[in-house]
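Following: one structure in structure tokens, then a few remarks.
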Amino acid sequence: MAELGGQAAPARKAAPAAPRPAPRALAADPVGPETRLRDVGGIAEERARGLARLGCQTVADLLRALPRRYEDQRERVAIRDLIAGRSATVDAQVVQLRARPARARRLTVLEGAVADGTGEVRVVWFNQRYLAARLAPGTRVLLHGPVVLDRSGLLQLRNPQIETGEASGHQVGILTPIYHETQGVTSRWLRFRLPPLLPLADRLPDPLPEAVRDEEGLLPLGRAIRLAHFPESPAARDAARERLAFDEVFLVQLAALRARQRRQATPGVRIPLEAQIAREFVAALPFHLTADQRVAAFEILRDMDRPQPMSRLLQGDVGTGKTVVAALAIRMAVQAGYQAVLMAPTELLVRQHLATLRQLLAPSAIAPRLLLGSTPARQRREVLGGLAGGHDAVVVGTHALLEDQVTFNRLGLCVVDEQHRFGVAQRLRLREKAARMPDVLTMTATPIPRSLQLTVFGDLECSRIRTPPPGRRPVATRIVEPEGRDGAYAFIRAEVERGRQGYVICPLIEAGEPQAARAAVDEFERLRRLVFPDLRLTLLHGRLTPREKQERMARFAAGADQLLVATSIVEVGVDVPNATCMLVEGAGRFGLAQLHQFRGRIGRGADASSCLLLAEPDLDERARARLEALVAHDSGFELAELDLRLRGSGDPYGVRQHGLPEMRVASLSDLVLQERARRAAERVLARDPELRDPRLRRALVDYNTVFELD
Ligand code: ADP
Ligand code: MG
């Protein structure tokens with residue numbers, strides 16, 4: 001009877017209904033997990049294209065495309081107990097059914113009644129005329145659908161899903177799986193088409209070693225997949241999803257552990273820690289290093305002093321003084337006769353770093369060079385020559401540094417300042433540029449909760465700077481309700497009239513940069529004409545050329561403009577200590593990490609700063625909780641932990657941008673699972689240190705983790 005359901009979906013057009021699965025094709029060319037879906041009998045070309053849009057090319061992909069959710073239709077309701085306004089599952093017999101044309105052309109209505117021992121209820125379908133032939137009076141049907149009152153005040157089941165006779169257990173009256181859908185591929189069709197393929201789930205290679213499965217009490221893969229599609233009970237569904245979630249986390253953990261092990265076995269450079277040099281560097285600074293900076297610097301220098309390549313992550317909020325620490329590492333590399341690079345994601349940031357490094361390295365008579373995509377040819381040749389010949393020791397630049405023409409004489413240290421993980425491909429390119437794998441230090445202002453550290457950065461060593469330099473005042477943060485907008489504008493105006501500067505962050509626009517830029521232009525015009533006509537405003541958005549951005553930032557930094565209006569996409573990478581106020585429009589739509597990063601742009605001078613979070617009128621509870629967290633906490637690390645708790649599921653705080661593979665089942669905030677998977681991965685590596693198990697290897701490659709295995 002499942003076939004009924006299968007034909008229901010495509011029946012709208014007179015076009016051919018879904019062809020039957022062709023037993024001939026199946027026999028001639030047996031379908032296996034690797035079979036392409038369009039070669040499976042019964043899956044037409046067009047439908048195969050729809051499936052491809054959902055990420056499914058092969059049978060195995062389809063088996064792994066799990067339901068998005070389940071609709072619990074298990075409870076049968078006696079017809080006598082039906083209530084209008086609810087959906088219900090009814091087990092009944094057809095009393096009578098007839099088709100009639102409706103007023104609207106080309107619409108047919110099939111209507112009639114079904115009955116169980118307790119009563120009778122009317123039922124109606126639109127445009128499913130073909131059902132009539134199959135639903136002779138007396139036929140047993142299982143129906144699930146909304147119960148509504150019709151015009152005459154009678155109860156009616158409207159367009160219910162249906163199974164007849166011997167229920168297949170795959171459509172109606174179960175924990176019904178609801179899938180991601182696309183044109184031509186409905187949940188209903190999937191529920192019909194999947195069951196015959198489910199036995200193939202047992203032929204998928206199970207990446208989990210049997211020992212792990214036993215130790216962890218997890219289901220075999222095939223059974224987990226079958227149950228995830230058609231669970232017998234909520235408990236079975238949970239067990240199935242637990243198993244599949246475990247795989248995802250386990251593979252990441254295993255890859256991370258393996259990558260770390262591999263790196264430690266790769267020959268690197270050794271940059272001796274010269275205490276005297278460190279002391280001189282620190283003594284020349286105009287301030288004392290904080291305790292956190294000292295610890296981080298020591299951890300880095302100690303790593304560099306080892307023959308294995310360093311791969312360390314330095315985490316700390318904007319303004320906590322990471323660059324100084326990096327500068328010391330660079331100083332030490334140069335002392336040892338190596339070259340060092342500092343790479344940042346935007347030209348703005350690169351220029352800022354260059355200025356900082358020039359200052360910090362001047363006492364050591366080291367002159368860093370600059371390399372950007374926009375560097376003029378002549379200058380570029382000069383820089384390339386200096387690096388290849390080895391007479392330039394330090395270069396600061398964008399990803400232009402990774403281009404083939406850039407070669408080094410003796411590269412020893414690479415510092416990467418970016419929010420995104422320094423990818424495998426980039427690392428490999430770096431390795432090509434050096435005789436030995438250089439030490440790598442990555443700096444990030446996105447704190448990752450400690451509990452997630454092992455998942456996200458399982459292959460890296462981590463240092464953290466928690467406490468900002470003394471004398472910095474926390475930014476006073478307030479939530480402004482929509483009616484308080486004028487007051488917020490008045491506050492900003494007062495700051496500016498005192499000689500301060502400020503930022504206005506435009507609301508988040510999901511549609512992408514072109515729309516965001518347009519919206520920002522509109523907002524900018526509005527503010528300039530109607531709100532602050534007497535102030536000097538400037539606008540930054542992602543559609544400006546790097547040159548325009550740089551010019552506008554420079555004007556703002558120099559104090560020529562008083563208010564900077566920017567889209568969220570724009571990295572406001574300039575340190576303007578005179579900027580003391582910020583207004584974030586539609587604050588509830590931003591994530592906690594992003595809001596915290598915006599806020600890091602102010603509070604950089606000695607003066608008190610204020611951040612006003614303008615709440616949108618329909619602010620929901622979670623969004624409000626995020627804003628309140630921001631009001632209560634200054635530390636990115638605390639906010640990251642809090643975000644993890646606020647979410648419960650989904651991708652926490654800035655994790656996605658670090659390039660982890662997509663977790664389709666697992667929730668990164670499931671810490672118990674993380675911990676279990678980590679321990680299991682450690683056990684596996686202890687038993688198989690080279691990771692020779694071919695199934696595991698293959699799974700890791702397929703899973704495409706960001707970690708290097710070999
Ligand atoms: P980050 O890279 O973490 O955003 P920076 O290294 O750019 O931070 O430092 C921000 C500002 O704080 C710089 O102006 C820097 O000179 C200053 N700074 C860094 N460390 C200290 C310190 N220990 N005491 C006082 N000021 C510091
Ligand atoms: Mg910095």
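This is a predicted model, so every value here is computed, not measured. Start at 1 and go down the list; that is how both ligands and their atoms are numbered.
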Classify the contact between [X] and ligand 1 as side chain, backbone, both or neither, using a heavy-atom distance cut-off of under 4.0 Å.
X: Gln293; result: side chain
X: Leu289; result: backbone
X: Asp317; result: backbone

Taking only distance into account, with no hydrogens and no angle test, what donor-acceptor pairs under 3.5 Å do side-chain atoms of residues 325-333 form with protein atoms, sequence neighbours excluded?
| unit_1 | atom_1 | unit_2 | atom_2 | d |
| --- | --- | --- | --- | --- |
| Arg331 | NE | Ser364 | OG | 2.9 |
| Arg331 | NH1 | Gln335 | OE1 | 3.2 |
| Arg331 | NH2 | Gln335 | OE1 | 3.2 |

Just which atoms of ligand 1 are under 4.0 Å from any heavy atom in [X]?
X: Thr290; result: 23 (N)
X: His288; result: 22 (C), 23 (N), 24 (N)
X: Thr320; result: 3 (O), 8 (O)

Say whether, by atom type as modelled, one donor and one acceptor occur between the side chain of Arg599 and the main chain of Leu630 under 3.5 angstrom.
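Present.
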So does Gly499 get a backbone contact from the side chain of Asn578, meaning a donor-acceptor N/O pair under 3.5 Å?
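The answer is yes, because a donor-acceptor pair under 3.5 Å joins these two groups.
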Sort and list the pairs that fulfil salt bridge (charged side-chain N to carboxylate O under 4.0 Å, His left out) and have at least one residue in residues 289-314, not counting sequence neighbours.
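Qualifying pairs, neighbours excluded: Arg270-Asp305, Glu299-Arg312, Asp303-Arg306, Asp303-Arg312.
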Inspect the contact between Glu675 and Arg678 and indicate whether a charged nitrogen and a carboxylate oxygen are less than 4.0 angstrom apart.
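Not counted as a salt bridge, because no side-chain N and carboxylate O are separated by less than 4.0 Å.
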Salt bridge check: are Glu551 and Arg547 linked by an N-O gap of less than 4.0 Å?
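Looking at Arg547 together with Glu551, the answer is yes, because their closest N to O distance falls below 4.0 Å.
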Backbone or side-chain N or O of Gly316 under 3.5 Å from ligand 1 N or O:
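So ligand 1 has no N or O lying under 3.5 Å from an N or O of Gly316.
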